[in-house]
Amino acid sequence: MRVSVLGASRNTGRSFVEQAIASDTVFNITILARNPDSLNFTPAEMEKITVVKGDALNKEDIGRTLEGCDVVLCSLGAKISGLSMPKDMGIEEIGTLHVLDIIKETRADNPPRIIMVSSTGVGESNSNYDVPYVLRPIYSLLLKSPHKHKTVVEKAIKESGISYTIVRPALLTSGDLTKKYRADIGVCGYTVSRKDVAHFILEQCVVKNNFPNASPSIAY
């Protein structure tokens, strides 16, 4: 199986790559990176990764990353530092819309499956009370802008006709891999580690192909 990963340099995307390599369940991993020299994967890990130097804002770079893949994982998100507005705000929207365009233009006869990392509180999960009541003010204030972009992307993916899974984590943490999480449609919870989200994507969405054309939430 060939998996292309956008957003592999950090957070959930990086954890997915590390776990996929360790499990030997993915035969080929291609990632897109602005600065390949700063990836910090081990030499042994790098031997199992194909790196495309480029930017998720550039459609041609994404096109090279998607060549021949069976699954594309979109784990894009702005890099937040302090209280200033990130320079790459909206990258998940621009990059994932590029992915959809490329698939329609070059892979319409054999499209890869799309797996997108979104968030609880986006789409119907907001009205379905997937977000605990006490966290709703935080979501509406601090996550308003990224959720706006994720909402656009979710809608575009669902209307594309391409097979997809939209994964909606609760508030993400940098905690350990526990493999003890709840994941299903309508799951409500406070937090979940990026490593556990990556584990769910790898084991349930990629390897077992569960949750086709669905939007499961994941939390502890």
**Study point:** Residues in salt bridge (charged side-chain N to carboxylate O under 4.0 Å, His left out) contact with R64, at least two apart in sequence or another chain
**Key:** D61

Check your understanding: Should R113 and N209 count as side-chain neighbours, where that means a heavy-atom distance under 4.5 Å?
Key -> yes

Point to revise | Result of checking S75, S174, S15 against R194 for side chain to side chain donor-acceptor pair (under 3.5 Å) | key: S174

Practice item. Before giving the answer on salt bridge (charged side-chain N to carboxylate O under 4.0 Å, His left out), spell out for E67 and R107 the whole-Å C-alpha distance, their side-chain angles and the decisive distance to 0.1 Å. Key: CA-CA 9 Å; E67 290 180 2; R107 298 281 304 274; over 6 Å; no

Exercise for review: Taking all heavy atoms of A183 and all of V187, pick out the closest pair and write down the distance.
Suggested key: C-CG2, 4.0 Å

Check your understanding: Is the centre of the F211 ring less than 6.0 Å from the centre of the F200 ring?
Key -> yes

Point to revise | Heavy-atom pair with the smallest gap, counting every atom of A198 and Q19 | key: CB-NE2, 3.7 Å

Exercise for review: Determine whether the side chains of Y139 and T120 contain a donor N or O and an acceptor N or O closer than 3.5 Å.
Suggested key: yes

Check your understanding: How close do C69 and S4 get, heavy atom to heavy atom, and via which atoms?
Key -> CB-OG, 3.2 Å

Check your understanding: Side chain of D130, backbone of C188: donor and acceptor closer than 3.5 Å?
Key -> no

**Study point:** Non-hydrogen atoms of G95 and I62 that approach each other most closely
**Key:** O-CD1, 3.4 Å

Review point. Run the side chain to side chain contact (heavy atoms under 4.5 Å, CB included) check on I114 and L100 step by step: do they pass?
Key: CA-CA 9 Å; I114 297 176; L100 293 174; 3.3 Å; yes

Exercise for review: Kindly work out whether a path of hydrophobic side-chain contacts (I/L/V/M/F/W/Y, heavy atoms less than 4.5 Å apart) joins I138 to V134.
Suggested key: yes

Review point. Do L177 and H199 touch side chain to side chain, with heavy atoms closer than 4.5 Å?
Key: yes

**Study point:** Distance in Å, H147 NE2 paired with S140 OG, rounded so as to fall on 0.5 Å steps
**Key:** 10.5 Å

Practice item. Start with the C-alpha distance between I157 and I162, add both sets of side-chain angles, then the distance that settles side chain to side chain contact (heavy atoms under 4.5 Å, CB included), and finish with yes or no. Key: CA-CA 7 Å; I157 289 175; I162 300 168; over 6 Å; no

Point to revise | Exam field: side chain S119 to backbone V122, donor-acceptor pair closer than 3.5 Å | key: no

Point to revise | Salt-bridge criterion met for E154 and K150 (N-O under 4.0 Å) | key: no

Check your understanding: Counting heavy atoms not belonging to K53, are there more than 12 under 6.0 Å from its NZ?
Key -> no

Review point. Atom NE2 in H98, atom CG in L76: separation rounded to 0.5 Å?
Key: 10.5 Å

Check your understanding: Hey, what do you get for OG1 (T50) to CG (N28), rounding to the nearest 0.5 Å?
Key -> 5.0 Å

Point to revise | Residue pair Y220 / S193, side-chain donor-acceptor N/O under 3.5 Å | key: yes

Review point. Any side-chain heavy atom of I31 within less than 4.5 Å of one from L39?
Key: yes

Check your understanding: Side chains of T173 and V192: closer than 4.5 Å at any heavy-atom pair?
Key -> no

Check your understanding: With the 4.5 Å side-chain cut-off for hydrophobic clustering, are V152 and I103 part of the same group?
Key -> no

Practice item. Verify the cluster assignment for V131 and L171: are they in a single hydrophobic cluster under the rule of side-chain heavy atoms below 4.5 Å apart? Key: yes

Check your understanding: Is the backbone N or O of I201 less than 3.5 Å from a side-chain atom of Q204, with the two atoms forming a donor-acceptor pair by type?
Key -> no

**Study point:** Flag, side chain of D55 to backbone of L57, donor-acceptor distance under 3.5 Å
**Key:** yes

Review point. With a 3.5 Å cut-off and no angle check, do the side chains of T30 and R2 form a donor-acceptor pair?
Key: no

Check your understanding: I21 versus I29: any side-chain heavy-atom pair under 4.5 Å?
Key -> yes

Check your understanding: Can you name the nearest heavy-atom pair linking T96 to C74, along with the distance?
Key -> OG1-CB, 3.9 Å

Review point. Under the 6.0 Å and 45° cation-pi test, does R14 pair with F41?
Key: yes

Check your understanding: Atom NZ of K144 and atom NE2 of H149: how far apart are they, to the nearest 0.5 Å?
Key -> 12.0 Å

Review point. Is L66 linked to L97 within one hydrophobic cluster, defined over Ile, Leu, Val, Met, Phe, Trp and Tyr using a side-chain heavy-atom separation of less than 4.5 Å?
Key: yes

Check your understanding: Looking at side-chain heavy atoms only, is the closest gap between V206 and T25 below 4.5 Å?
Key -> no

Point to revise | D37 backbone acceptor or donor facing N35 side chain under 3.5 Å | key: no

Point to revise | V3 vs F16, side chain to side chain contact (heavy atoms under 4.5 Å, CB included): CA-CA, chis, key distance, verdict | key: CA-CA 11 Å; V3 179; F16 173 86; 3.9 Å; yes

Exercise for review: Assess whether atom NZ of K104 is packed by more than 12 heavy atoms of other residues, nucleotides or ligands within 6.0 Å.
Suggested key: yes

Point to revise | V52 reachable from V72 in the ILVMFWY side-chain graph, under 4.5 Å edges | key: yes

Review point. Which value, rounded to the nearest 0.5 Å, describes the distance between D70 atom CG and N110 atom CG?
Key: 7.5 Å

Point to revise | side chain to side chain contact (heavy atoms under 4.5 Å, CB included), paired with V167, selected from S217, S118, C205 | key: C205

Check your understanding: Can a salt bridge be assigned to the pair E18 and K48 using a cut-off of 4.0 Å between side-chain N and carboxylate O?
Key -> no

Exercise for review: For the residue pair I218 and R182, establish whether any side-chain heavy-atom pair is separated by less than 4.5 Å.
Suggested key: no

Check your understanding: Do you know which two heavy atoms are closest between S215 and K158, and how far apart they sit?
Key -> OG-CE, 3.7 Å

Practice item. In sequence, state the C-alpha distance, the side-chain angles, and the governing distance for T165 and M116, and then conclude on side chain to side chain contact (heavy atoms under 4.5 Å, CB included). Key: CA-CA 6 Å; T165 299; M116 174 206 171; over 6 Å; no

